[in-house]
Amino acid sequence: MSDVQVLGKVENLLGEVISQSGTMFTVGVKISPSNNIRVFIDADDGITIEKCTIVNRALYKRIEESGLFPGGNFSLEVSSPGVDEPLKLHRQYEKNIGRNVEATLSDGSKITGKLVTVNHQDMVVEEKTGKGNKAVIKPINILFSQVKQTKVLITF
């Protein structure tokens, strides 16, 4: 079986496991040459260590039963993509409405502000300029076709 077929099979097994939750979704799956499978999941209501553990156990069992890796020659890691990773899926943008983001556009410029709306073609970010009572909040419409990457900003 080719690497692409193995990856597809793991993604299908993962889909079967997380579809039962209704809120979880796959962000990415990577398989190293040494058969280390790294799965990145997220959920509309947030991802927890407990959810990752449940998915890990269920997926590990299904991979073992599938016989994809003879002799159980694989390892499995299930985690969230991490707060420092750019958003990849439309569903991640929707989940982060109301949070501060930094969008880097294809021309290298950056727009920072509160993500207020998302649809299939674009998003609106409210950018704040100035301080205090001189602050101005301006909505900026950004086409996804112009976005190189978007990261959620963590504020304390």
Side-chain angles (χ1 to χ4, degrees), residues 2-32 36-60 62-63 75-156:
S2 75
D3 292 347
V4 172
Q5 289 172 316
V6 171
L7 178 63
K9 181 71 173 163
V10 170
E11 288 173 335
N12 287 340
L13 293 172
L14 174 62
E16 292 170 9
V17 170
I18 65 175
S19 67
Q20 298 167 4
S21 80
T23 64
M24 283 191 267
F25 55 93
T26 304
V27 176
V29 177
K30 296 177 184 176
I31 304 177
S32 74
N36 177 31
I37 305 166
R38 297 184 69 212
V39 172
F40 301 97
I41 58 174
D42 205 343
D44 298 326
D45 54 351
I47 201 73
T48 63
I49 291 172
E50 291 78 18
K51 288 179 184 177
C52 289
T53 301
I54 290 167
V55 170
N56 186 298
R57 288 181 182 147
L59 181 58
Y60 193 95
R62 287 183 186 226
I63 292 171
S75 62
L76 176 63
E77 300 173 33
V78 176
S79 68
S80 71
V83 294
D84 57 336
E85 288 295 312
L87 303 178
K88 293 181 181 178
L89 305 173
H90 188 266
R91 198 163 172 181
Q92 288 178 294
Y93 281 89
E94 290 175 336
K95 172 188 166 190
N96 284 291
I97 289 174
R99 297 185 74 187
N100 289 323
V101 297
E102 178 182 78
T104 303
L105 306 183
S106 348
D107 66 3
S109 63
K110 294 183 180 188
I111 298 171
T112 303
K114 182 178 177 182
L115 180 62
V116 290
T117 61
V118 174
N119 65 44
H120 292 290
Q121 292 82 26
D122 60 5
M123 64 178 159
V124 175
V125 173
E126 287 182 341
E127 187 175 53
K128 183 178 177 181
T129 56
K131 293 185 179 184
N133 54 355
K134 293 187 179 190
V136 175
I137 296 174
K138 151 176 100 166
I140 300 173
N141 188 45
I142 306 168
L143 294 172
F144 284 118
S145 61
Q146 298 173 327
V147 176
K148 186 175 181 180
Q149 77 174 16
T150 303
K151 288 189 174 187
V152 174
L153 300 176
I154 305 303
T155 54
F156 298 97

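We're numbering straight along the sequence, starting at 1.
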Exercise. Check the pair Arg99, Leu115 against side-chain contact (heavy atoms from CB on, under 4.5 Å), reporting the backbone distance first and the verdict last.
Key: CA-CA 6 Å; Arg99 297 185 74 187; Leu115 180 62; 5.9 Å; no
Quiz item: How long is the span from the CD atom in Gln5 to the CG atom in Asp3, to the nearest 0.5 Å?
Solution: 9.5 Å
Practice problem: Kindly write out the residues that satisfy side-chain hydrogen bond (donor to acceptor under 3.5 Å, both in side chains) with Asn100, not counting sequence neighbours, or none if the list is empty. | Solution: none
Practice problem: For the pair Thr129 and Lys138, evaluate side-chain contact (heavy atoms from CB on, under 4.5 Å) and give the outcome as yes or no after the intermediate values. | Solution: CA-CA 8 Å; Thr129 56; Lys138 151 176 100 166; 5.6 Å; no
I'd like a table of donor-acceptor pairs (distance under 3.5 Å, sequence neighbours excluded) in which one partner is a side-chain atom from residues 146-156, with atom names and distances.
unit_1: Thr150; atom_1: OG1; unit_2: Tyr93; atom_2: OH; d: 2.9
unit_1: Lys151; atom_1: NZ; unit_2: Asp84; atom_2: O; d: 3.2

Quiz item: Is any side-chain heavy atom of Val118 less than 4.5 Å from a side-chain heavy atom of His90?
Solution: yes
Exercise. For residues 40-55, pull every pair meeting salt bridge (Lys or Arg N to Asp or Glu O under 4.0 Å), keeping only residues two or more places apart or in separate chains.
Key: Asp42-Lys95, Asp44-Arg91, Asp45-Lys51
Quiz item: Can you name the side-chain contact (heavy atoms from CB on, under 4.5 Å) partners of Glu16, sequence neighbours left out?
Solution: Leu13, Arg62
Quiz item: Can you name the residues that form a side-chain contact (heavy atoms from CB on, under 4.5 Å) with Ile37, not counting sequence neighbours?
Solution: Val10, Val29, Ile31, Val39, Ile63, Phe69, Phe74, Leu76
Quiz item: Between Glu85 and Pro81, is there a donor-acceptor pair closer than 3.5 Å when you use the side chain of the first and the backbone of the second?
Solution: no
Self-check item: With Ser21 via side-chain contact (heavy atoms from CB on, under 4.5 Å) - residues at least two apart
Solution: Thr23, Met24
Quiz item: Residues in salt bridge (Lys or Arg N to Asp or Glu O under 4.0 Å) with Glu127, at least two apart?
Solution: none
Quiz item: Do the side chains of Val124 and Ile140 get nearer than 4.5 Å, heavy atoms only?
Solution: no
Quiz item: Is there a side-chain contact (heavy atoms from CB on, under 4.5 Å) between Val78 and Leu14 once you walk through the steps?
Solution: CA-CA 10 Å; Val78 176; Leu14 174 62; over 6 Å; no
Practice problem: Under the salt bridge (Lys or Arg N to Asp or Glu O under 4.0 Å) rule, collect the residues that match up with Glu94, sequence neighbours excluded. | Solution: none
Quiz item: With sequence neighbours excluded, what pairs up with Ser19 under the side-chain contact (heavy atoms from CB on, under 4.5 Å) test?
Solution: none
Self-check item: Phe40: ring-ring contact (aromatic ring centres under 6.0 Å, His included) partners, not counting sequence neighbours
Solution: none
Quiz item: Would you call Ile47 and Cys52 a side-chain contact if the rule is heavy atoms closer than 4.5 Å?
Solution: yes
Quiz prompt | Residues Phe25, Ile41; criterion side-chain contact (heavy atoms from CB on, under 4.5 Å); working and verdict | solution = CA-CA 6 Å; Phe25 55 93; Ile41 58 174; over 6 Å; no
Practice problem: Sequence neighbours left out, what pairs pass side chain to side chain donor-acceptor pair (under 3.5 Å) with at least one residue falling in residues 101-125? | Solution: Asp107-Ser109, Asn119-Asp122, Asp122-Asn141
Quiz prompt | Non-neighbouring partners of Arg57 that pass salt bridge (Lys or Arg N to Asp or Glu O under 4.0 Å), sequence neighbours left out | solution = none
